[in-house]
Amino acid sequence: MKLERSCYCGEPREQDVGKELVLCGWVHSRRDHGGVIFVDLRDRSGIVQLVFNPEHSPQSHASAGALRNEYVLVARGQLRARSDDTVNPNMPTGKVELMVGELEILNASRPSPFAIDDEAVVTENTRLKFRYLDLRRPFMQKFLRLRHEVCRLSRELLNSEGFLEVETPMLTRSTPEGARDYLVPSRVNQGSFFALPQSPQLFKQLLMVSGLDRYYQIARCFRDEDLRADRQPEFTQIDLEMSFAGSEAVMNLVEGLLKKLFSELAGLEFNAAFPRMPYAEAMARFGSDRPDTRFGLELKDLTEVFAGSGFKVFKQAVDGGGAVKAIVVKGGAAMSRKEIDDLGSYASDFGAKGMAWIKINEGQWQSPIVKFFSDGEKQRLGEVLEIEDGDLVLFASDSEQVVHAVLGALRCKIAADRDLIDPSRFDFLWVTEFPMFEWNDDDKRYQALHHPFTALHPDDGIEVLDSLSGGPGTALRSDAYDIVLNGVELGGGSVRIHQPQLQRKVFEALGIGEEEAAEKFGFLVEALGYGAPPHAGLALGLDRLVAMLAGTDSIRDVIAFPKTQRAACLLTQAPSTVDAAQLRGLGLRVDL
RNA sequence: GGGGUCGUAGUUCAGCUGGUUAGAACGCCGGCCUGUCACGCCGGAGGUCGCGAGUUCGAGUCUCGUCGGCCCCGCCA
């Protein structure tokens, strides 16, 4: 290439008219009029029109005849103003064009499988197979640039707050608890495996013991679990940890970071502090630990109303220690039987065995179940739910866990279906006071809700843990906090345990024996014994954060080379089998 | 592990209760065209109907299996 680029395609403006410019890029489209040829030239900055006129430059006009979409070229020429009747008001460079005097075709291109523009509708399959072409599309470039800006601004703020960016190992040890690990065989130590980190959790705590005081990292994390639109096997966290700090310091810092990001990248200003809500309240009112507070449809507790009900389904739920709750859909009485049945079927996805309902039409209660209610129950129901004409009441009765899952999911679906969500709203929410432990019925033991290094809530001290024989129960609260935006968990963190004796007790409560704890986490407990400062931290899901800012539902859109739902890369065909020799070198044999 | 949905030309899709030679748009190729910017006009090529069985006189269409994309449940400290 003998010509040197003078600026990007999207940059030339009226004030540049008369300048000699050299532009590089891809042919976005070509319009050959037999005589004059127009070429829209595209690069990451935008599009500008090139003009090839046979009278102006016969040579370059002749070469331009061979151009096709996505050919790569460099063109030299004079920028000139377009005549008033040929100005294109739809493009930023629409008042100018480059009169090409010299053209060099740098590379040809096969026809693209899909148009390189924002309008082309392409299946995910094709996009991922030709990801390098998908990423040529302006909206994808915008998303990647947005991601870059989030990283840049985060580093900027954290640097200015005295945080040090430190890298932690990608090859680390497998630990119990948590997600499945991605394993990496060791050639040097045959039969042993590294694990890719699920998060840098232990290392950042060790950095606090080291006295780094404030750490951050834009860290890749790996979890070998099944995928969703918002879950990839490898994903990125903005991970941070602070010494001599508690939950308030971390929440204030992260709140400031999020406010800055949304202000600078989305033009959204948040003046008030983000609201906070204890876990128990979130579950009771919204049926979720990451409630979307942009709309109502809150859960109403009817357990007491139906404690002795003649309606067996409700009575049995209450007698079994469960709950009866309901949501009220304003105007929902107009729904058809099929619409309600569809909601019931959706509810069953979340464990509901059935979904009772009442339509209130002109004072009449239409329902398959009302006949089982006593007059007192009906009256109490009307009071608690503040029923009005046109309402639809949807019930769930089961264990509290199922009731919350069902109604929590229903309220979100109904809000989306009925367009109850104001798309301009961004509701941040801190959820706090999580339970320390939850019961895992499959393994018949307690496990940490957050992770086993989480400190107890200050009001639920170590003495409470001590006083519980025969299991820690689920009433103990931890000093953990999640940041939620519009019902999406953007991140979470906690105050960590910094005393070795307490850490040992928590392992014990989790049923991790002394021996196992020593083997798997001994290095952490040992480190805590060498003057670990109190510390706390948090990690933000970068992919989800950028997706929210970009306004897309899928984090694949903000990851350059994502995996499919089956955890494969359609571009490189990873994962793949490997040579027998490669396996032998690692001391491995595939046994399928 | 389970449920749902989709798979037809390069792309996005249509293709009815099974029935002659599988269509459209865009793209692509060729020709014409000196001010277009969704350029226009004329002509043309292009199909393993994901794959494999089965039912049938006959399958893009029905059945079963399988592979793949997406969404969800379980799972994800």
Side-chain angles (χ1 to χ4, degrees), chain A residues 28-41 47-56 61 68-70 82-91 93-94 97 99 110-117 119-130 133 175-181 198-199 201-202 221-233 235 345-352 402 405-406 409 412-413 434-438 440-443 446-454 478 480 489 492 494 506 510 512 539 541 553-554 556 563-566 568 570 573:
Chain A
H28 187 66
S29 76
R30 180 184 64 114
R31 295 175 295 279
D32 185 344
H33 287 251
V36 68
I37 298 173
F38 299 100
V39 166
D40 286 344
L41 192 66
I47 292 174
V48 68
Q49 175 165 283
L50 309 182
V51 184
F52 296 89
N53 189 309
E55 286 152 21
H56 179 77
H61 176 267
R68 295 293 182 272
N69 283 352
E70 302 311 314
R82 298 201 202 179
S83 64
D84 287 347
D85 55 326
T86 62
V87 162
N88 184 344
N90 300 318
M91 47 201 292
T93 62
E97 61 192 11
M99 193 66 178
R110 301 168 64 192
S112 173
F114 51 85
I116 308 300
D117 59 41
E119 284 71 42
V121 179
V122 193
T123 55
E124 194 90 8
N125 213 334
T126 307
R127 291 178 63 192
L128 292 177
K129 194 169 161 192
F130 296 97
L133 296 178
T175 52
E177 304 284 309
R180 291 186 194 89
D181 286 322
Q198 295 179 29
S199 83
Q201 181 61 34
L202 294 172
C221 306
F222 304 85
R223 292 176 193 177
D224 188 6
E225 295 291 346
D226 290 335
L227 309 184
R228 292 285 189 282
D230 62 351
R231 280 167 21 192
Q232 283 275 304
F235 62 100
S345 143
Y346 185 72
S348 72
D349 290 349
F350 295 84
V402 169
V406 166
C412 290
K413 178 171 172 54
F434 281 82
M436 184 80 174
F437 304 109
E438 63 185 346
N440 182 323
D441 209 43
D442 290 337
D443 298 352
Y446 286 94
Q447 62 185 36
L449 193 74
H450 188 55
H451 57 55
F453 321 110
T454 303
S478 69
E489 183 194 329
S494 63
V506 169
L510 291 170
I512 302 175
D553 291 328
S554 168
R556 290 187 303 276
K563 306 279 188 289
T564 67
Q565 195 156 43
R566 292 194 68 254
L570 296 181
Q573 298 292 305

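All heavy atoms count here, side chains included; hydrogens, waters and symmetry mates do not. Bear in mind that the values here come from a model prediction, so they are computed numbers and not experimental data. Lettering of chains follows the sequences in order, A, B, ..., and the numbering in each one begins at 1.
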Enquirer: Where is the tightest heavy-atom contact between A:F350 and A:V402, given as atom of each residue plus distance?
Expert: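 Taking every non-hydrogen atom into account, O-CG1, 4.2 Å.
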Enquirer: With rounding to the closest Å, how many angstrom separate the C1' atoms on B:G18 and B:U36?
Expert: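 Going atom to atom, C1' in each nucleotide, I get 50 Å.
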Enquirer: Counting only Watson-Crick or G-U wobble pairs whose two distances fall under 3.5 Å, which nucleotide matches B:U12?
Expert: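 The base-pairing partner of B:U12, which may sit in any strand shown, is B:A24.
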Enquirer: Is there any protein nitrogen or oxygen under 3.5 Å from a nitrogen or oxygen in nucleotides 11-13 of chain B, and what are the pairs?
Expert:
residue : atom : partner : partner atom : Å
B:U11   : O4'  : A:P113  : O            : 2.8
B:U12   : OP1  : A:T123  : N            : 2.7
B:U12   : OP1  : A:T123  : OG1          : 2.5

Enquirer: A:E55 near the nucleic acid: base, sugar-phosphate alone, or nothing, with a heavy-atom cut-off under 4.0 Å?
Expert: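 Here A:E55 touches the bases of the nucleic acid.
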Enquirer: Using a cut-off of under 3.5 Å, enumerate the N/O to N/O pairs linking the protein to nucleotides 38-42 of chain B.
Expert:
residue : atom : partner : partner atom : Å
B:C39   : N4   : A:D32   : O            : 2.5

Enquirer: Once rounded to the nearest 0.5 Å, what's the spacing between atom OG of A:S199 and atom CZ of A:F222?
Expert: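 Here the interatomic distance stands at 12.0 Å.
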Enquirer: Report the base-pairing partner of B:C76 (Watson-Crick or G-U wobble, both distances below 3.5 angstrom), or none.
Expert: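 No nucleotide pairs with B:C76.
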Enquirer: May I have the distance from A:D117 (atom CG) to B:C26 (atom P), rounded to whole angstrom?
Expert: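 Taking atom P of B:C26 as the reference, CG of A:D117 is at 15 Å.
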Enquirer: Looking only at side-chain N and O atoms, does A:T564 come under 4.0 Å of OP1 or OP2 in B:G69?
Expert: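 It does, given that an N or O in the side chain of A:T564 lies less than 4.0 Å from OP1 or OP2 of B:G69.
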Enquirer: To the nearest Å, how far apart are A:D181 CG and B:C75 P?
Expert: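 So the two atoms are 18 Å apart, to the nearest Å.
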Enquirer: Step by step, would you call A:F38 with A:V51 a side chain to side chain contact (heavy atoms under 4.5 Å, CB included)?
Expert: CA-CA 5 Å; A:F38 299 100; A:V51 184; 4.1 Å; yes
Enquirer: Would one find a side-chain N or O of A:R228 under 4.0 angstrom from OP1 or OP2 of B:C73?
Expert: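 Yes, such a contact exists.
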Enquirer: Can you tell me how far P of B:U36 sits from CG of A:N53, to the nearest Å?
Expert: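 Value for this atom pair: 14 Å.
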Enquirer: Quantified in whole Å, what is the P atom distance between nucleotide B:G15 and nucleotide B:U8?
Expert: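 B:G15 and B:U8 have their P atoms separated by 14 Å.
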Enquirer: In terms of side-chain geometry, is the basic nitrogen of A:R30 or A:D40 positioned less than 4.0 Å from the acidic oxygen of its partner?
Expert: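 Result for this pair is no, no salt bridge flagged.
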Enquirer: On RNA chain B, nearest-nucleotide positions of A:Q565 versus A:M91: which is more 5'?
Expert: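 Checking each residue's closest nucleotide, the 5'-ward one belongs to A:M91.
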Enquirer: Do A:T123 and A:N125 have side-chain N/O donor and acceptor atoms under 3.5 Å apart?
Expert: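 Per modelled atom types, A:T123 and A:N125 side chains form no pair under 3.5 Å.
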Enquirer: Quote, to the nearest angstrom, the P distance that separates B:C67 from B:U21.
Expert: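 Pairwise P distance, B:C67 against B:U21, rounds to 34 Å.
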Enquirer: Would you measure the distance from the C1' atom in B:G65 across to the matching atom in B:G23 and give it in whole Å?
Expert: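 Going atom to atom, C1' in each nucleotide, I get 30 Å.
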Enquirer: Whether the A:S345 and A:S348 side chains hold a donor-acceptor pair (N or O, under 3.5 Å, no angle test) is what I'd like checked.
Expert: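 On atom types as modelled, these side chains do not qualify, holding no pair under 3.5 Å.
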Enquirer: Using the C1' atom as the point on both nucleotides, what is the distance between B:U17 and B:U56, in whole Å?
Expert: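 Per the computed distance, 16 Å lies between those C1' atoms.
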Enquirer: Between atom CG in A:L227 and atom C1' in B:C73, what is the gap in whole Å?
Expert: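 Answer to the nearest Å: 14 Å.
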Enquirer: Using nucleotides 45-47 of chain B, report all nitrogen or oxygen pairs with the protein that are shorter than 3.5 Å.
Expert:
none

Enquirer: For nucleotides B:G10 and B:G2, find the distance between their C1' atoms and express it as a whole number of Å.
Expert: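 It comes out at 36 Å once rounded to the nearest Å.
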Enquirer: Using heavy atoms to find the nearest nucleotide of RNA chain B for A:R566 and A:Q49 separately, return the residue whose nucleotide is more 5′.
Expert: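 It is A:Q49, whose closest nucleotide lies nearer the 5' terminus.
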Enquirer: Classify the side chain of A:D226 versus the base of B:G74 as yes if they form a donor-acceptor pair under 3.5 Å and no if they do not.
Expert: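 A donor-acceptor contact between them is present.
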Enquirer: List the steps and the verdict of side chain to side chain contact (heavy atoms under 4.5 Å, CB included) for A:F437 and A:V506.
Expert: CA-CA 10 Å; A:F437 304 109; A:V506 169; 4.2 Å; yes
Enquirer: Work out how far the P atom of B:C13 is from that of B:G74, and round it to whole angstrom.
Expert: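 Nearest-Å result for B:C13 against B:G74 at atom P: 30 Å.
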Enquirer: Hey, does the side-chain of A:R223 have a donor or acceptor N/O within less than 3.5 Å of a partner on the base of B:C75?
Expert: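 When only heavy-atom distances are counted, A:R223 does not reach the base of B:C75 through any donor-acceptor pair under 3.5 Å.
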Enquirer: Checking A:Q49 against A:N88: is there a side-chain donor and acceptor pair closer than 3.5 Å?
Expert: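 On atom types as modelled, these side chains do not qualify, holding no pair under 3.5 Å.
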Enquirer: Which is true for A:F350 with a 4.0 Å heavy-atom rule: it touches a base, it touches only sugar-phosphate, or it touches nothing?
Expert: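 Counting heavy atoms under 4.0 Å across all strands, the contact made by A:F350 is with sugar-phosphate only.
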Enquirer: Any salt bridge linking A:R231 with A:E225? Criterion: basic side-chain nitrogen under 4.0 Å from a carboxylate oxygen.
Expert: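 Between A:E225 and A:R231 there is no salt bridge, as every charged N stays at least 4.0 Å from the carboxylate O atoms.
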Enquirer: Can you find a side-chain donor-acceptor pair between A:Q565 and A:R556 that sits under 3.5 Å?
Expert: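 Short answer, no.
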Enquirer: Could you work out which one of B:C76, B:G69, B:G35 sits closest to the side chain of A:F38?
Expert: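 Side chain of A:F38 sits closest to B:G35.
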Enquirer: Compare side-chain N and O positions of A:R556 against OP1 and OP2 of B:C71 and report whether any pair is under 4.0 Å apart.
Expert: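 Yes, within the criterion.
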Enquirer: Give a yes/no answer on whether the side chain of A:R110 brings an N or O atom under 4.0 Å of OP1 or OP2 in B:G10.
Expert: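 For B:G10, OP1/OP2 do not have a side-chain N/O of A:R110 under 4.0 Å.
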Enquirer: Using purine N1 to pyrimidine N3 plus N6-O4 or O6-N4 for Watson-Crick, or N1-O2 and O6-N3 for G-U wobble, each under 3.5 Å, what pairs with B:C57?
Expert: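 Its partner is B:G19.
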Enquirer: Any side-chain N or O of A:R68 below 4.0 angstrom from OP1/OP2 of B:G30?
Expert: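 Yes, such a contact exists.
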Enquirer: Look through every strand shown and name the nucleotide pairing with B:C32 as Watson-Crick or G-U wobble, where both distances are under 3.5 Å.
Expert: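 B:G40 - that is the nucleotide pairing with B:C32, both distances being under 3.5 Å.
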Enquirer: Using atom CE of A:M99 as one end and atom P of B:U36 as the other, report the distance to the nearest whole Å.
Expert: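 My rounded result for the distance is 15 Å.
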Enquirer: Roughly how many Å is it from CG in A:L50 to C1' in B:U36, rounded to a whole number?
Expert: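 These atoms are roughly 13 Å apart.
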Enquirer: According to the Watson-Crick and G-U wobble definitions, with both distances under 3.5 Å, which nucleotide is paired to B:G68?
Expert: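 Partner of B:G68: B:C6.
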Enquirer: Counting only heavy atoms not in A:K563, do more than 12 sit closer than 6.0 Å to its NZ atom?
Expert: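 It does: A:K563 NZ has more than 12 such atoms within range.
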Enquirer: Nearest whole angstrom, please: distance from the P of B:C76 to the CD of A:Q232.
Expert: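 Interatomic distance, CD of A:Q232 to P of B:C76: 18 Å.
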Enquirer: Using the C1' atom as the point on both nucleotides, what is the distance between B:A25 and B:C32, in whole Å?
Expert: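 The same atom, C1', in both gives a distance of 23 Å.
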Enquirer: Check for a donor-acceptor pair, side chain of A:S478 on one end and backbone N or O of A:L449 on the other, with a separation under 3.5 Å.
Expert: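 No, because the side chain of A:S478 does not come within donor-acceptor range (under 3.5 Å) of the backbone of A:L449.
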Enquirer: Test your reading of the model: is there a side-chain donor-acceptor pair from A:Q573 to the backbone of A:L570, 3.5 Å cut-off?
Expert: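 Yes; at least one donor-acceptor contact below 3.5 Å.
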Enquirer: Quick one: A:L133 CG to B:G10 P, roughly how many Å, whole number?
Expert: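 After rounding, the reported distance stands at 16 Å.
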Enquirer: Can you confirm whether more than 12 heavy atoms, excluding those of A:D553, are under 6.0 Å from its CG atom?
Expert: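 At most 12 heavy atoms, drawn from other residues, nucleotides or ligands, come within 6.0 Å of this atom.
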Enquirer: Can you list the steps and then say if A:L133 with A:F114 is a side chain to side chain contact (heavy atoms under 4.5 Å, CB included)?
Expert: CA-CA 8 Å; A:L133 296 178; A:F114 51 85; 3.9 Å; yes
